[in-house]
Amino acid sequence: MYYNLKKIKDGNKLIAKVFNYSSKKFKGIKFFTPSSLSFQVGLMSHPSKHIIHPHFHLNRKKIIKHMSEFLIIFKGKLRVNFFNKKKKKFKSIILKKRDMILLISGSHGFEVLEKVEMIEVKQGPFSQKKDKIRF
């Protein structure tokens, strides 16, 4: 499996990266995000008996300026609406089964078009009261 990448921008500012599923073949490791981004997304495809050597990640203090969210759609259809600084919608996209999105910055909202099952991954710790403003 593979994903076609689409960038969502508000002017020059990167708001999100959309990963639309494609059945194209892929081997190895491909990262869709630059190493400078505070949230990394990569795709791996390895043959049987391939070894990923045991390892661990070093604990290092890092500064995260933007809270990112990553959604994986398992079932259904989800409309993602993007809003500018004036809280006006400027773009919408539709995600379906196997699509993914990395929300990097800016404002967004969702509309469920068909019953949806998805996973959301975001940086923590997270507080509903301190880390989110609804409008």
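When a residue number appears, it is its place in the shown sequence, counting from 1.
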Under 3.5 Å, side-chain donor or acceptor atoms of residues 50-60 against the rest of the protein: list the pairs with distances, not counting sequence neighbours.
residue : atom : partner : partner atom : Å
H50     : NE2  : H46     : ND1          : 3.4
H55     : ND1  : H53     : O            : 2.9

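Nearest heavy atom pair, residue S105 against residue L14, reads OG-O, 2.9 Å. Of all heavy-atom pairs between A16 and F82, the closest is CB-CE2, 3.8 Å.
Figure legend: K87 and F135 shown as a cation-pi pair, the cationic atom lying under 6.0 angstrom from the six-membered ring centre and within 45 degrees of its axis.
Side-chain atoms of Y3 never come within 3.5 Å of backbone atoms of V18 as a donor-acceptor pair (strictly under, hydrogens ignored). Put simply, the side chain of D131 never gets that close to the backbone of Q128: no donor and acceptor are under 3.5 Å apart. Judged by distance alone, with hydrogens and angles left aside, the side-chain atoms of Q123 form a donor-acceptor pair with the main-chain N or O of S38 at under 3.5 Å. Of the possible donor and acceptor atoms, none in the side chain of S45 sits under 3.5 Å from a partner among the backbone N and O of G28. Under the 3.5 Å distance criterion, the side-chain polar atoms of E114 are left unmatched by any main-chain donor or acceptor of K96. With D99 contributing its side chain and Y21 its backbone, the two residues share a donor-acceptor pair below 3.5 Å.
The ring-ring contact (aromatic ring centres under 6.0 Å, His included) check on F110 picks up H108, with sequence neighbours excluded.
Using a 4.5 Å heavy-atom threshold, the side chains of F70 and V41 count as touching.
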Would K17 and L5 satisfy side-chain contact (heavy atoms from CB on, under 4.5 Å), going step by step from the backbone distance to the final call? CA-CA 7 Å; K17 287 191 174 196; L5 180 63; 3.8 Å; yes

Before you tell me yes or no, could you show the steps for E111 and N81 under side-chain contact (heavy atoms from CB on, under 4.5 Å), namely the whole-Å CA-CA distance, both residues' side-chain angles and the distance that decides it to 0.1 Å? CA-CA 8 Å; E111 297 174 52; N81 298 312; 2.8 Å; yes

Between K9 and I15, does a side-chain contact (heavy atoms from CB on, under 4.5 Å) hold up when you go through it step by step? CA-CA 5 Å; K9 291 186 171 188; I15 302 297; 5.6 Å; no

What do the steps show when you test S68 against L103 for side-chain contact (heavy atoms from CB on, under 4.5 Å), and what is the final call? CA-CA 5 Å; S68 299; L103 298 158; over 6 Å; no

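For F83 and F90, the gap between ring centers reaches or exceeds 6.0 Å.
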